[in-house]
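Data first, discussion second: the structure below is written as structure tokens.
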Amino acid sequence: MIVINAPRGIKDRIPPEEDQFLALVSIAEKHLGQAGFKKVGLPIFESASLFTRSIGVETDIVEKEMYLFEDKGGERFALRPEGTASLLRLAIQHHLIEPARITRLSYQGPMFRHERPQAGRLRQFHQVGAEILGTITPQDNIDLLVVIDSISRELKLPGTTLFINNMGCSRCRPVFRKALVEYLETHQSGLCTTCKKRTETNPLRVLDCKVEQCQPVIERAPSIIDFLCESSRLHHEAVCSGLRSLSIPFTVNPRLVRGLDYYTETTFEFVSDALGSQSTWAAGGQYDGLIGQLEGPDVPGAGFAIGVERLALLAEKAGTLMPAHSHTQDISILPLGELAVPIVQSLIREIRNEGISATGIFGTTKIKQGFKQAERDGSRFLLILGEDEMARREIVVKDLLTGEQTPFPLSPLAGLIGYIRSVRSQEKISQLS
RNA sequence: GUGAGUGUAGCUCAAGGGCAGAGCACUGGUCUGUGGCUCCAGGGGUUGGGGGUUCGAAACCCCUCACUCACCCCA
């Protein structure tokens with residue numbers, strides 16, 4: 001027999017990682033809630049066609065990274081590679097989109113892409129995402145950036161740059177695309193083999209190529225910003241001036257091309273130089289045609305997703321990850337002798353009902369091992385119930401931090417409960433200061 | 001999908017052809033119902049797996065698997 005390990009690219013979270021991870025998710029959710037986003041629960045898998053129709057058939061995500069499977073009825077499903085398509089499906093199905101109004105929804109959970117894992121890249125990773133649906137203004141794009149920026153500030157994320165671009169709209173993007181293709185066709189000799197192919201299939205992606213050979217061609221390529229129509233240009237300028245007046249620093253990057261086909265107008269990426277080569281920790285943008293493309297009302301939307309594992313890497317570097325508490329449990333209780341066992345069991349239940357965490361130590365009657373187990377439990381207190389204590393109808397409470405030892409009556413328990421609570425609240429106060 | 005690097009005790013790592021080791025962790029004792037510190041002792045390994053070279057392989061060669069990083073791509 002061979003031991004079974006987690007599948008490649010899956011990150012197990014062992015204590016205290018999971019607590020830190022969930023704390024990070026709830027910090028992000030707190031900021032989203034303050035910005036008026038209502039949470040939705042999205043399924044882990046969807047009809048495969050949802051993603052091919054939204055993300056784009058030519059993209060790597062759809063072409064080679066989806067986890068596809070058939071159920072017993074022969075239906076084709078995919079583990080979701082991203083949240084936006086799924087959220088839009090939900091919003092359309094339940095008629096949550098009011099064209100004349102704004103709907104703000106957020107989601108959180110694992111996403112799946114079959115890629116080679118590396119630093120900051122997993123096959124199962126988590127995103128916290130948000131979408132604004134309805135009549136999108138530049139101010140909505142700015143608000144998305146404000147939310148991400150406030151999360152970044154709370155966590156004091158190191159080395160972050162915000163890159164902004166505008167992909168144009170349904171009118172001006174084709175004009176730019178045509179100009180770009182013409183330019184690329186006359187400069188084929190300067191391009192790498194994949195970019196030669198991309199000239200046909202997905203010319204905008206050439207701008208994002210990092211191959212050394214392509215850089216001179218890319219640098220002299222036409223810039224989307226120069227091709228924006230009047231309304232897109234105003235949109236772009238409104239976003240930029242809005243960010244300036246909010247003192248949110250940013251860099252316009254006309255070569256910023258997102259990997260999903262549906263983006264129009266504003267797109268953005270938050271990049272940190274404190275990550276490895278997978279340096280984008282949050283990204284998003286506007287999508288004018290996508291909702292209509294999924295047979296919903298023909299209105300735009302805009303949104304973003306944060307990569308929680310990447311956020312965790314940054315928060316750890318910043319020292320703002322929730323600290324691993326020294327005491328994760330309030331008390332451990334050690335019964336000494338058969339007679340003490342049932343008393344301890346009912347005691348545990350009573351104590352837990354008071355909102356105090358407690359476990360019993362039933363595997364040993366050696367007091368020394370009891371202490372060691374209490375430490376492993378992460379308990380602040382060890383309660384000992386032996387024959388002497390039972391004779392006196394008492395239980396001994398040992399504070400493992402101070403070494404202080406106090407007997408309390410077994411009934412009523414109020415004295416013991418009050419004592420634990422007072423020490424615990426002092427502990428919390430000292431942690432805050 | 002491609003490339004490079006690394007796989008030795010639960011963890012971090014030594015040993016670079018000649019007896020497989022240390023620190024931490026774990027168990028017991030010192031200390032019979034009072035932990036953390038000290039000191040002492042102990043359990044733990046087919047050196048990722050398979051094959052080859054050799055009198056002899058953890059080490060050298062081949063294959064394979066896994067992990068890591070990078071390309072690609074992206075959160």
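Chain A is the first sequence line, chain B the second, and so forth, proteins listed ahead of strands; every chain is numbered from 1. Atom set for the values below is all heavy atoms of this structure, side chains included, hydrogens, waters and symmetry mates excluded.
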*asked:* Please determine whether a side-chain nitrogen or oxygen atom of A/Gln118 lies at a distance below 4.0 Å from atom OP1 or OP2 of B/A70.
replied: yes

_Do the side chains of A/Glu58 and A/Arg205 get close enough for a salt bridge, i.e. N-O under 4.0 angstrom?_
no

*Answer with base, sugar-phosphate or nothing: what part of the nucleic acid does A/Glu269 contact at a heavy-atom distance below 4.0 Å?*
nothing

*Under 4.0 Å between a side-chain N or O of A/Arg121 and OP1 or OP2 of B/A75?*
no

*Using atom CD of A/Glu58 as one end and atom P of B/C73 as the other, report the distance to the nearest whole Å.*
14 Å

*Would you indicate what A/Gly129 reaches in the nucleic acid, counting non-hydrogen atoms under 4.0 angstrom: base, sugar-phosphate, or nothing?*
nothing

*Do A/Arg205 and B/C73 share a donor-acceptor pair, side chain to base, under 3.5 Å?*
no

*In terms of the nearest nucleotide of RNA chain B, which residue is placed more toward the 5' end: A/Leu385 or A/Glu82?*
A/Leu385

*How is A/Lys398 classified with respect to the nucleic acid when contacts are heavy atoms under 4.0 Å: base, sugar-phosphate, or nothing?*
base

*Using a cut-off of 4.0 Å on non-hydrogen atoms, how would the nucleic acid contact of A/Leu400 be classed: base, sugar-phosphate, or nothing?*
base

*In terms of side-chain heavy atoms of A/Asp388, which of B/G33, B/C73, B/G35 is nearest?*
B/G33

*Determine, for A/Asp208 against A/Arg198, whether the closest basic-nitrogen to carboxylate-oxygen distance falls under 4.0 angstrom.*
no

*What does A/Glu389 touch in the nucleic acid at a heavy-atom separation under 4.0 angstrom: a base, only the sugar-phosphate, or nothing?*
base

*For the side chain of A/Thr280, counting heavy atoms from C-beta on, which of B/C74, B/C72, B/A66 is nearest?*
B/C74

*When you match A/Gly276 and A/Gly307 each to their closest nucleotide on RNA chain B, which lands nearer the 5' end?*
A/Gly276

*Report the distance from atom CG of A/Leu204 to atom P of B/C74, rounded to the nearest whole Å.*
12 Å

*asked:* Could you check whether A/Arg121 pairs with A/Glu115 (Lys NZ or Arg NE/NH1/NH2 to Asp/Glu carboxylate O, under 4.0 Å)?
replied: yes

*Interatomic distance, A/Phe371 CZ vs B/C37 P [rounded to whole Å]*: 14 Å

_Options B/A75, B/C26, B/G29, nucleotide nearest the side-chain atoms of A/Arg376_ = B/C26

_For A/Lys317 versus A/Pro158, what's the shortest heavy-atom pair and its separation?_
CB-CG, 4.4 Å

_Quick check: closest heavy atoms across A/Ile92 and A/Ile291, and the distance to 0.1 Å?_
CD1-O, 3.8 Å

_Can you tell me which nucleotide in B/C74, B/G35, B/U34 comes closest to the side chain of A/Gln278?_
B/C74

_Mind checking if A/Gly370 touches a base, just sugar-phosphate, or nothing, with heavy atoms under 4.0 Å?_
nothing

*asked:* Between C1' on B/C72 and CZ on A/Arg113, what's the gap in Å once rounded to a whole number?
replied: 14 Å

*Would you say the side chain of A/Glu115 and the base of B/G1 hold a donor-acceptor pair, judged only by whether the two atoms sit under 3.5 Å apart?*
no

*asked:* Using whole Å, what does the distance between atom P of nucleotide B/U32 and atom NZ of A/Lys368 come to?
replied: 9 Å

*Check every strand shown and say whether A/Glu65 touches a base, only sugar-phosphate, or nothing at a heavy-atom separation below 4.0 Å.*
sugar-phosphate

_Given B/C74, B/G33, B/A70, the nucleotide with the shortest approach to the side chain of A/Ile367_ = B/G33

_Can you tell me whether the side chain of A/Glu375 and the base of B/G36 have a donor-acceptor pair closer than 3.5 Å?_
no

*asked:* Let me confirm one number: the CG-CD distance from A/Leu105 to A/Glu131, rounded to the nearest 0.5 Å.
replied: 8.5 Å

*asked:* Within 90° of 0 counts as syn, otherwise anti: where does B/G16 fall?
replied: syn

*Pick base, sugar-phosphate or nothing for A/Leu382, based on heavy-atom distances below 4.0 Å to the nucleic acid.*
nothing

*From the list B/U34, B/C74, B/A70, which nucleotide is the closest neighbour of the side chain of A/Arg116?*
B/A70

*Of the nucleotides B/A75, B/G33, B/G35, which has the atom closest to the A/Lys372 side chain?*
B/G35

*Please determine, for the side chain of A/Ala119, which listed nucleotide (B/C69, B/G1, B/G33) has the closest atom?*
B/C69

*Short side-chain N/O contact to B/C71 OP1/OP2 from A/Ser277, under 4.0 Å*: yes

_Quick check: closest heavy atoms across A/Ala28 and A/Val128, and the distance to 0.1 Å?_
CB-CG1, 4.0 Å

